[in-house]
J.: 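A single structure is presented below for examination.
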Amino acid sequence: MTSRSNSRAGLTINDPRVSQRVQGFPESVIREMTRIAALHPGTVNLAQGFPDFDPPQELLEAVKRSVDHGGNQYSITWGDPGLRASIARRAREFNHIDSDPEKNLVVTCGATEAMMASMLSLIDPGDEAVIFEPFYENYGPDARVSGATPRHVRLEWPDWHFDEEALKAAFTPKTKVLVLNTPNNPTGKVFTHSELRLLADLCTDHDVVAVTDEIYEHMVYDGGRHISLATVGSMAERTVTINGLSKTYSATGWRVGWAIAPPTLATAIRRAHDFLTVCAPHAFQLAGVAALALPQSYYDELKRSYQAKRDRLVTALRATGIECRPPGGTYYVMTDFSAFPFDDDWDFAMHLIDTCGIATVPGSSFYSDPKLGRRKVRFVFCKKESTLDETAARLRKLRPLAA
Ligand code: GLN
């Protein structure tokens, strides 16, 4: 039976030289599951959200050209000017966000750094951050490093609605930022205009800055629409909009992300970013210009193919007896395995690895209170059709166990 390489109980690093800050970090369960999968050759990794296929060929060619033509030294710390111009153009066309590449943009090492640099630039210790849960696990350490106290607002299974009163109650005089991820990892929820309107009103009334992670903006299904919070009411003046190349262009290893922010906030984020990483990989920034120039047909096809992958996985999960709704966006499916006789999410996830050769992410890692996720696991579907077919075949082994 597979065991975890670490456990919540054994989280403390037994060395007094280690800072309390880091002692308080959870181990990234998403990345841990990838490591466990790698220890079991042949395991289908539906844990960490990265594709098992390459970016488009023209982007691979663009990287090679970048390496041959000057992309090997630092860029300007807050981003190559050509890439910033491309980001500003795309943000205007797709998101309807106006930005000046000289004043509003910071290119970072992935959306991950954009989020951390934004939190460092906005939060003083003791400030509070409103965060929906289940959440993408990085937001916890982001809050911890910046000194923010998280205030969680629950998205409720199975349709991931939230209670308006609970949301209002989470905003206090100490609230400094709202962290919003739409389309949302791990739930797949795409926040509606009326939900965003409510968030905008609360941010405005409480003088709160919204930091929005919109990395799945092109993965919205069934005719749904992604709306950037920065375009709601007067939110542009108090929103940091984060995005990147990773998910839209299947290039999670390139580490190119960005933040679009009002000028003073962009200046602050640039400072944090400069001392964290200096710049994102220059050659990949240059290739990003080619990525952002892809025609509309690229995005249409991306959406079509991910919706088909979603349907393939959801059909297989339901046929097995694992409960889920087709997510409205992203490439994740949160599921409930209550029909199966397992103690908790880790037990089920380990059984999936050992018996079916499928790695997932235990649901507890997405909640501040692990109990809330103990009947849940997350699957990804950013995989080739053949990988998803193999998954469906392997899941059949579980069927006899379903109640
Ligand atoms: N966003 C991806 C996920 O949720 C992984 C991100 C990461 O590991 N950096 O699986």
Side-chain angles (χ1 to χ4, degrees), residues 5-6 25-38 43-53 55 108-119 131-143 145 155 160 179-190 211-220 242-259 276-277 280-281 284 306 309-310 313 324 327 329-335 345 349 352-353 358-367 373 376-383 387-388 391:
S5 58
N6 70 72
F25 284 10
E27 165 92 16
S28 159
V29 175
I30 294 173
R31 297 181 276 277
E32 177 185 6
M33 291 309 285
T34 287
R35 285 195 302 279
I36 293 177
T43 298
V44 175
N45 184 358
L46 301 190
Q48 196 176 9
F50 63 89
D52 64 350
F53 45 87
T108 55
C109 292
T112 296
E113 193 216 337
M115 180 59 76
M116 183 67 93
S118 300
M119 295 286 274
I131 303 174
F132 287 98
E133 74 174 340
F135 46 72
Y136 173 48
E137 60 180 10
N138 277 39
Y139 303 152
D142 290 341
V145 167
L155 299 172
W160 309 112
V179 175
L180 178 71
N181 175 213
T182 183
N184 181 265
N185 176 10
T187 65
K189 177 184 174 74
V190 181
V211 184
T212 70
D213 174 350
E214 303 183 19
I215 194 93
Y216 304 100
E217 66 183 6
H218 290 288
M219 292 152 204
V220 177
I242 291 175
N243 220 312
L245 300 180
S246 293
K247 312 291 182 179
T248 304
Y249 305 101
S250 306
T252 60
W254 288 13
R255 311 314 301 136
V256 177
W258 55 84
L276 283 170
T277 59
F284 293 105
Y306 271 127
K309 290 175 197 294
R310 174 197 70 168
L313 179 63
C324 59
T330 74
Y331 48 48
Y332 306 103
V333 195
M334 258 306 232
T335 67
D345 53 324
L352 277 175
I353 291 185
I358 300 171
T360 58
V361 180
S364 55
S365 62
F366 300 101
Y367 286 93
K376 296 190 174 59
V377 293
R378 189 195 76 174
F379 291 76
V380 306
F381 55 84
C382 45
K383 303 292 166 183
T387 309
L388 296 173
T391 302

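Counting starts at 1 for both ligands and their atoms, following the listed order.
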J.: Between N185 and ligand 1, which residue portion shows a heavy-atom distance shorter than 4.0 Å: side chain, backbone, both, or neither?
T.: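 The answer is the side chain.
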J.: Quick check: does G49 get an N/O under 3.5 Å from an N/O on ligand 1?
T.: yes
J.: For E137 and I30, indicate whether the former's side chain and the latter's backbone hold a donor-acceptor pair under 3.5 Å.
T.: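 Judged by distance alone, yes, a pair lies under 3.5 Å.
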J.: Taking the six-membered ring for Trp, are F381 and Y332 closer than 6.0 Å centroid to centroid?
T.: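 When the ring centroids of F381 and Y332 are compared, they turn out to be at least 6.0 Å apart.
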J.: Are K247 and E214 ion-paired here, with the side-chain N under 4.0 Å from a carboxylate O?
T.: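 No, K247 and E214 are not salt-bridged.
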J.: Just to be sure I'm reading this right: ignoring hydrogens, which of Q48, K247, R31, R378 gets closest to atom 1 (N) of ligand 1? Compare them by their nearest heavy atoms.
T.: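 Heavy atom nearest to atom 1 (N) of ligand 1 belongs to K247.
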J.: For I30, counting its heavy atoms only, list the atoms of ligand 1 lying under 4.0 Å from any of them.
T.: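 With I30 as reference, the close atoms of ligand 1 come out as 3 (C), 4 (O), 10 (O).
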J.: Is there a nitrogen or oxygen of T112 sitting under 3.5 Å from a nitrogen or oxygen of ligand 1?
T.: no
J.: How far apart are the C-alpha atoms of F366 and F135, what are their side-chain angles, what is the distance that settles it, and do they pass the ring-ring contact (aromatic ring centres under 6.0 Å, His included) test?
T.: CA-CA 5 Å; F366 300 101; F135 46 72; 7.8 Å; no
J.: Could you tell me whether a side-chain N or O of N45 sits under 3.5 Å from a main-chain N or O of A359, the two making a donor and an acceptor?
T.: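 Answer holds: no.
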J.: Any idea which protein heavy atom is nearest atom 6 (C) of ligand 1, and the distance to it?
T.: Y136 OH, 3.0 Å
J.: Has K383 got its NZ or CZ under 6.0 Å from the middle of the six-membered ring of F50, at an angle within 45 degrees of the ring axis?
T.: yes
J.: What is the closest protein heavy atom to atom 3 (C) of ligand 1, and at what distance does it sit?
T.: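 It is Y332 OH, 3.2 Å.
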J.: Would you say Y216 contacts ligand 1, with heavy atoms under 4.0 Å as the rule?
T.: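 Yes, Y216 has heavy atoms under 4.0 Å from ligand 1.
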